[in-house]
Amino acid sequence: MKKHNNLAEISIQTDDFSLADEVALLEQDNLTDGAVVTFTGRVRNHNNGNAVTALTLEHYPGMTEKSLANIIKQAKERWHIGRVKVIHRIGELSIGDQIVFVGVTSKHRQDAFAANEFIMDYLKVSAPFWKKEKITNAGKISENWLAAKDSDNDKAKRWS
Amino acid sequence: MKKHNNLAEISIQTDDFSLADEVALLEQDNLTDGAVVTFTGRVRNHNNGNAVTALTLEHYPGMTEKSLANIIKQAKERWHIGRVKVIHRIGELSIGDQIVFVGVTSKHRQDAFAANEFIMDYLKVSAPFWKKEKITNAGKISENWLAAKDSDNDKAKRWS
Amino acid sequence: MINVVFFAALREQLGCAQLSLAADDVKTVDDIKRLLCEKNEQWQQTFANTSLLSAVNHDMVDGDHLVKPGDEVAFFPPVTGG
Amino acid sequence: MINVVFFAALREQLGCAQLSLAADDVKTVDDIKRLLCEKNEQWQQTFANTSLLSAVNHDMVDGDHLVKPGDEVAFFPPVTGG
């Protein structure tokens, strides 16, 4: 495989991203990996029964990148994967907006599926991002920091 | 969720497909599903140590569609998933070409990951497609029908 | 009549993609296989491959599956798509 | 000096994003927490939340983790990205 030094594996950004462009980068000059698995997370219009109208994402600059790099490193130690890309947006987002992208290539699909889900599961519990939702409940608008879910901890524990 | 009758879940086609267009269709008017998982399979340049130069895909018209519809039905019974799209190309393909696409949306990412991998695992062992590879070995070009892999049967058995 | 179809390597080995059989003498998929093997040595050898799969009316079935006039019966090697 | 930073709901509850502490009196992350709780009732109540996480120099750590001058110590609620 040709080296691709210009492809940073991690991007924390306010701007939107293009799924097609990201996958094209993962596949470029990469004819050995036949499998590409992507995960895209978007802002839903509902959460816990409330109508969500917008989302703000805060992060801890520096630690976020370090945390994600560590997760990717672990994934590469556990599975035979080729290229990895993780994008997470920060700032103000609207309903339907893309929040997060994880793309993984591999020779065999099982590795790409497992590594992609592993990265998402650990991102959810160990990468320092926080969501604040703007919700409408009975006509009243309020802003709430999301509470972490036990189910996310359970998902991450499956891998250990 | 708005009904989308114009979105066929299965397509067997000679033409290439656009990942971006397919994901856009899965997400269109779909603000309840926050998770989108895609799998894309491409023609690799190597297989079993031989240099692959091209691939021909044959299928059994009618049975292929029925088989894939049955796999999708099973996936919907096992997991809470929203929309599904399966595309499989047939005919002559070149190195790097896209062969297969599976896209699944869901409210919770775990369902989309599991359903997507389930669909691929069963497609591999029960959908009537056959690959013939054009390979170069020690300067000699030959055409070989691919042999089925035991590992694919093992993967499918994991789900039962 | 029963419509019998062959795919991929099997089709190439037999040099035949499709044939029609009178339904009188056959009750099961295995009966059809036996009848085809009587054609000649080559068909017999080709069908000796135990990994061959069979389908009736687009559903994968075992050898003891019953067939009736108008059915489409298919024989093919293990699948390799995806 | 030790640089202490706060994020998300914790930052809003404290009304503080960052402060500096003399490193003399603190050996561990828990020592810093204790020192912050002495500021006033509100800080004490806010840090009573047992689910708060801590990091030193961008690595998640437990309360008994040792700190030294120049370290960046962070406190924040459980993460909710993705």
ask   = Between atom CZ of A:Arg109 and atom OG1 of B:Thr40, what is the distance when rounded to the nearest 0.5 Å?
value = 13.5 Å

Selection from A:Val23, A:Val102, A:Val36 maximising heavy-atom pairs under 4.5 Å formed with chain B = A:Val36

query = Just how far is it from atom OG of B:Ser94 to atom CG of A:Leu31, taken to the nearest 0.5 Å?
reply = 11.0 Å

remark   = Rounded to the nearest 0.5 Å, the CD atom of B:Gln110 sits from the OG atom of A:Ser151 at a distance of 8.5 Å

task = Quick one: pull up CG in A:Asn47 and NZ in B:Lys107 and give me the separation to the nearest 0.5 Å.
result = 11.5 Å

query = In Å and rounded to the nearest 0.5 Å, what is the CD to CG distance from B:Glu27 to A:Leu19?
reply = 8.0 Å

query = Which one of B:Ala24, B:Ala20, B:Gly34 has the most heavy-atom pairs closer than 4.5 Å to chain A?
reply = B:Gly34

message = Can you tell me how far apart CG (B:Asn30) and CG (A:Asn45) are? Round to the nearest 0.5 Å.
response = 9.0 Å

inquiry  = Within residues 113-143 of chain B, which residues come under 4.5 Å of chain A, heavy atom to heavy atom?
reply    = B:Phe113, B:Asn116, B:Glu117, B:Met120, B:Asp121, B:Lys124

inquiry  = Is it the case that over 12 heavy atoms from other parts of the model lie below 6.0 angstrom from the CG atom of B:Asp16?
reply    = yes

key: Over 12 foreign heavy atoms within 6.0 Å of NE2, B:His80   = no

